[in-house]
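Protein chains get the first letters and strands the later ones, always in sequence-line order, with residue 1 at the start of each. Since this is a predicted model, take the numbers as computed values, not measurements.
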Protein chains: 2
Amino acid sequence: MDAMDWALLAELQADARLSYSELSRRVHLSAPAVAERVRRLEESGVITGYHARVDPSRAGRKVSALIRMSCYGVRCVLRDRQALAWPEIVEVHRVTGDTCCLLRVAATSMTAFEELIDRLAPYGQPSSMMMLSSPLPWRALAPADE
Amino acid sequence: MDAMDWALLAELQADARLSYSELSRRVHLSAPAVAERVRRLEESGVITGYHARVDPSRAGRKVSALIRMSCYGVRCVLRDRQALAWPEIVEVHRVTGDTCCLLRVAATSMTAFEELIDRLAPYGQPSSMMMLSSPLPWRALAPADE
DNA sequence: AGGGCCCAGTCCATCGCGTCCACGGTCACG
DNA sequence: CGTGACCGTGGACGCGATGGACTGGGCCCT
């Protein structure tokens, strides 16, 4: 994890489809060397994958929200594989605090969202935060120096 | 946005570095046709980008959290460009509810995280949810049919 | 201090892939 | 029934990916 690795990570976080030869030009290294470094970053688990990002609203999911779940005892969304398979749910994170887990959901419409809330309610009170704009939708991870 | 487009979206959300010829094999289309369809998906804004995903903990960010901010009046993190530039903050979303925005942060250590909380406090009470495991770190958007 | 080892990068050659172009099938419409 | 637009196919060409052989620098051991 030297400066060269971080330069490659910066490029690939910004555009995962860059070719090795283009990467090699940007970081001033030969293409095979770049390929070798990227392979190592993948194998060591630093890079977990490459993903196209899709705009939910342009893909027919007009309503996005974050839902905090405060589940009662063992009955938790986290452990219900069937609930985790619901396609509206796009992320599930276990968190600390007065809520056991946090869901990120993308529903087709407000009525579809309401119907999802009804399905979630049996697991514990869902507390919804509707997502409005995102001043910072994402940021690339940079070297954690100081 | 027909079934072929969704098949391409599914493949590219799972692995953004697939070559056009590999894509063409998987969706049973010729490579130029695939390239043309992908180009249209990009231009129409359905695909917003391709990004390598980096494991924060393996990249030296051991502490991840979601922070709900309840800002006082106009003084809000959302409007402070300097605050938005802090490298620990990796996502900022405006949401509804008793909190004006939600931050996703990745700090190097608990002490660095504590220091971030101190910097955020002037904007309004930060309410932190430390991220534990993620039963569903992400899911690809699928066609919203019924 | 010298010798040898290992890691990482470069160079080169081959093969496969991306991209452009011309062509053809299909459908809607006049 | 002819025509144009759209979308996909196939071929050709140039670039990129990939594996192997070689080289230079750092490090340890003697």
Within this structure, what is the CG-to-C1' distance between Leu23(B) and dT19(C), rounded to whole angstrom?
15 Å
Any residue of residues 28-54 of chain B with a heavy atom less than 4.0 Å from an atom of DNA chain C
Pro32(B)
For the pair made of OH in Tyr20(A) and P in dG19(D), what is the distance, rounded to whole Å?
10 Å
Any residue in residues 3-14 of chain B with a heavy atom nearer than 4.0 angstrom to DNA chain D? Just list them by number, or reply none.
none
Quick one: is the NZ or CZ of Arg26(A) closer than 6.0 Å to the six-membered ring centre of Tyr20(A), and within 45° of its axis?
no
Is Glu22(A) salt-bridged to Arg17(A), cutoff N-O under 4.0 Å?
no
Look at all strands and tell whether Arg25(B) reaches a base, only sugar-phosphate, or nothing, counting heavy atoms closer than 4.0 Å.
sugar-phosphate
Trp86(B) ring centre to Arg139(A) NZ or CZ under 6.0 Å, with the angle to the axis within 45°?
no
Can a side chain N or O of Ser19(B) be found less than 4.0 Å away from OP1 or OP2 on dG18(C)?
yes
Between Lys62(B) and Ser57(B) (side chain of the first, backbone of the second, donor and acceptor by atom type, cut-off under 3.5 Å), is there such a pair?
yes
Would you say the side chain of Val77(A) lies within less than 4.5 Å of the side chain of Cys71(A), judging by non-hydrogen atoms?
yes
Indicate yes or no: does Glu42(B) engage Arg39(B) in a salt bridge with an N to O separation below 4.0 Å.
no
Can you see if the side chain of Ser21(A) gets near the phosphate of dA17(D) - specifically, an N or O under 4.0 Å from OP1 or OP2?
yes
Which residue pairs satisfy the salt bridge (Lys or Arg N to Asp or Glu O under 4.0 Å) criterion with at least one member in residues 95-107 of chain B, sequence neighbours excluded?
Glu91(A)-Arg104(B), Arg68(B)-Asp98(B), Glu91(B)-Arg104(B)
Separation of Asp2(B) atom CG from dC6(D) atom P, in whole Å?
16 Å
Would Gln13(B) and Tyr50(A) count as a side chain to side chain donor-acceptor pair (under 3.5 Å) if you check the C-alpha gap in whole Å, the side-chain angles of each, and the deciding distance to 0.1 Å?
CA-CA 8 Å; Gln13(B) 285 181 94; Tyr50(A) 306 93; over 6 Å; no
Spacing of Leu18(A) atom CG relative to dG16(D) atom C1', expressed in whole Å
13 Å
